[in-house]
Amino acid sequence: NFSEVRIAPDGTIYVSAMYSQSGKFGLHAMDQDGFEKWRYGGLSVRPAELIGSDDGAVYFGFVHPGGSISALNSSGGIKWKGEGANKISGMAMDGDGNIYFSSGYPQNNIFKIAPDGTTLWRVVNPFSGGFRPVILENGDIFIAGKESGLPKFFRYNGETGDILWSERVSDSRTYTPRNLAYDSVGKKLYASVTVGKIITIDARDNSLTNYLVGDGSGSATTPVAVGE
């Protein structure tokens with residue numbers, strides 16, 4: 001059974017898989033014609049949050065606790081295994097190949113990992129749960145969170161892991177945010193929430209606004225920012 005699919009910059013297609021007969025999990029790499037290049041199997045936890053790099057390496061975490069962030073080389077061999085973490089809730093890669101990710105409860109950390117597997121920084125999440133980081137052009141990191149039943153958003157210094165800004169949505173009812181999406185042209189970040197609202201953050205001044213979509217009774221998924 002195949003689940004998560006990602007396409008790397010070189011066109012390689014990575015697919016997370018579960019093998020029904022053994023109950024184990026694995027990762028497959030295929031070319032654009034669907035022919036398998038290699039597979040990495042025998043895992044007890046499903047690989048997730050796959051990211052392919054320019055040099056053919058692939059990085060991944062796990063959808064449940066029990067594994068560590070790992071990197072495979074272009075032939076499917078182990079490049080490195082990082083420190084253990086609980087469920088990896090979101091991963092992103094910057095232009096230098098550094099990996100940012102958040103880990104879920106009860107560990108609740110945010111990490112920056114170098115391409116060679118070195119931990120550059122690790123900070124405690126100020127909220128419970130994990131979301132996918134968004135990387136700006138200047139290296140700052142935005143991430144969604146939740147505090148006292150409402151969305152709260154954070155901006156981190158990508159070099160040090162220090163919090164530069166945070167703000168919690170003010171509302172009379174509680175709801176949960178989705179992962180942020182970034183519009184690099186308009187310099188704005190967008191997050192949908194579970195009551196049919198869209199929250200906007202202007203990356204230039206950290207101003208936060210929210211507006212209703214429809215009648216407010218539905219739920220939305222993560223927005224997608226499309227540039228020309």
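Residue numbers start at 1 and run along the sequence shown. Nothing here was measured: the structure is a model prediction, and the numbers come from that model.
With values rounded to the nearest 0.5 angstrom, E147 atom CD is found 11.5 Å from E167 atom CD. In this structure, OG1 on T200 lies 7.5 Å from CD1 on I198, to the nearest 0.5 angstrom. The structure places CD1 of I113 at 9.0 Å from CZ of R122, a figure rounded to the nearest 0.5 Å. To the nearest 0.5 angstrom, E49 atom CD is 4.5 Å from R132 atom CZ. N109 contributes atom CG, which lies 10.5 Å from atom CH2 of W121 (distance to the nearest 0.5 angstrom). The structure places OH of Y156 at 11.5 Å from CZ of F142, a figure rounded to the nearest 0.5 Å.
With contacts defined as side-chain heavy-atom distances shorter than 4.5 Å, the pair K187/Y182 qualifies. For the pair V45/L43, no side-chain contact is recorded, criterion being any heavy-atom separation below 4.5 Å from C-beta on. Side-chain contact check for Y59 versus P115: some heavy-atom pair is nearer than 4.5 Å. Taking the side chain as every heavy atom from C-beta outward, Y175 and V169 approach each other to under 4.5 Å. Looking at heavy atoms from C-beta onward, I99 lies out of side-chain contact with F111 at the 4.5 angstrom threshold. Using a 4.5 Å heavy-atom cutoff, the side chains of S192 and K197 are not in contact. With contacts defined as side-chain heavy-atom distances shorter than 4.5 Å, the pair K146/P151 does not qualify.
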Should L72 and L27 be marked as a side-chain contact (heavy atoms from CB on, under 4.5 Å) after you check the CA-CA gap, both sets of side-chain angles, and the distance that decides it? CA-CA 10 Å; L72 305 179; L27 184 62; 4.0 Å; yes
Exercise for review: Start with the C-alpha gap between Y19 and N1, add the side-chain angles, then the distance that decides, and say whether side-chain contact (heavy atoms from CB on, under 4.5 Å) holds.
Suggested key: CA-CA 6 Å; Y19 311 121; N1 297 322; over 6 Å; no
Q: Take I199 and Y190 through the side-chain contact (heavy atoms from CB on, under 4.5 Å) test and state the conclusion after the steps.
A: CA-CA 6 Å; I199 297 172; Y190 300 88; over 6 Å; no
(Q) Walk me through whether M18 and K24 qualify under side-chain contact (heavy atoms from CB on, under 4.5 Å). (A) CA-CA 6 Å; M18 182 185 78; K24 295 291 186 178; over 6 Å; no
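Here the two rings, on H28 and F2, have centers that are under 6.0 Å apart.
Side-chain contact check for K37 and T12: at least one donor-acceptor pair (N or O, by modelled atom type) lies under 3.5 Å.
With sequence neighbours left out, N157 forms a side chain to side chain donor-acceptor pair (under 3.5 Å) with no residue at all. In this view, R168 satisfies the side chain to side chain donor-acceptor pair (under 3.5 Å) rule with no residue, not counting sequence neighbours. Every residue was checked against the side chain to side chain donor-acceptor pair (under 3.5 Å) condition with S70, not counting sequence neighbours, and none meets it.
In this structure, D55 pairs ionically with K79, as a charged nitrogen and a carboxylate oxygen lie closer than 4.0 Å. A salt bridge links D140 to R155: one of the charged nitrogens lies within less than 4.0 Å of a carboxylate oxygen.
Clustering ILVMFWY residues whenever any of their side-chain heavy atoms sit less than 4.5 angstrom apart, transitively, puts L50 in the very cluster that holds Y40. Connection of F154 to V124 is not established within any shared hydrophobic cluster, with ILVMFWY side chains joined at heavy-atom distances below 4.5 Å, either directly or through further cluster members. With hydrophobic clusters built from ILVMFWY side chains whose heavy atoms lie under 4.5 angstrom apart, I201 shares a cluster with L150. Note on W165 and L136: same hydrophobic cluster, where clusters join Ile, Leu, Val, Met, Phe, Trp and Tyr whose side-chain heavy atoms are under 4.5 Å apart, directly or indirectly. Note: the hydrophobic cluster containing I135 also contains I143 (ILVMFWY, side chain heavy atoms under 4.5 Å, direct or indirect links).
Of all heavy-atom pairs between S16 and R46, the closest is OG-CG, 3.2 Å. Across all their heavy atoms, P177 and G145 have their closest contact at CG-O, 3.2 Å.
No side-chain donor-acceptor contact under 3.5 Å links S75 to the backbone of G77. Under a 3.5 Å cut-off, the side chain of D31 and the backbone N or O of D33 do form a donor-acceptor pair. Distance alone, capped at 3.5 Å, places no donor-acceptor pair between the D183 side chain and the K188 backbone. In terms of modelled atom types and a separation under 3.5 Å, the side chain of K112 and the main chain of G158 share a donor-acceptor contact. Using a distance-only test at 3.5 Å, with no hydrogens or angles considered, a donor-acceptor pair links the side chain of D94 to the main chain of N98. Between the side chain of S102 and the backbone N or O of F131, at least one donor-acceptor pair lies under 3.5 Å.
Using a 30° and 60° split on the angle between ring planes, W38 and Y14 fall in the tilted class, from 30° to 60°.
By the 6.0 Å contact criterion, CD on E137 is enclosed, its count of non-hydrogen atoms from other residues, nucleotides or ligands being greater than 12.
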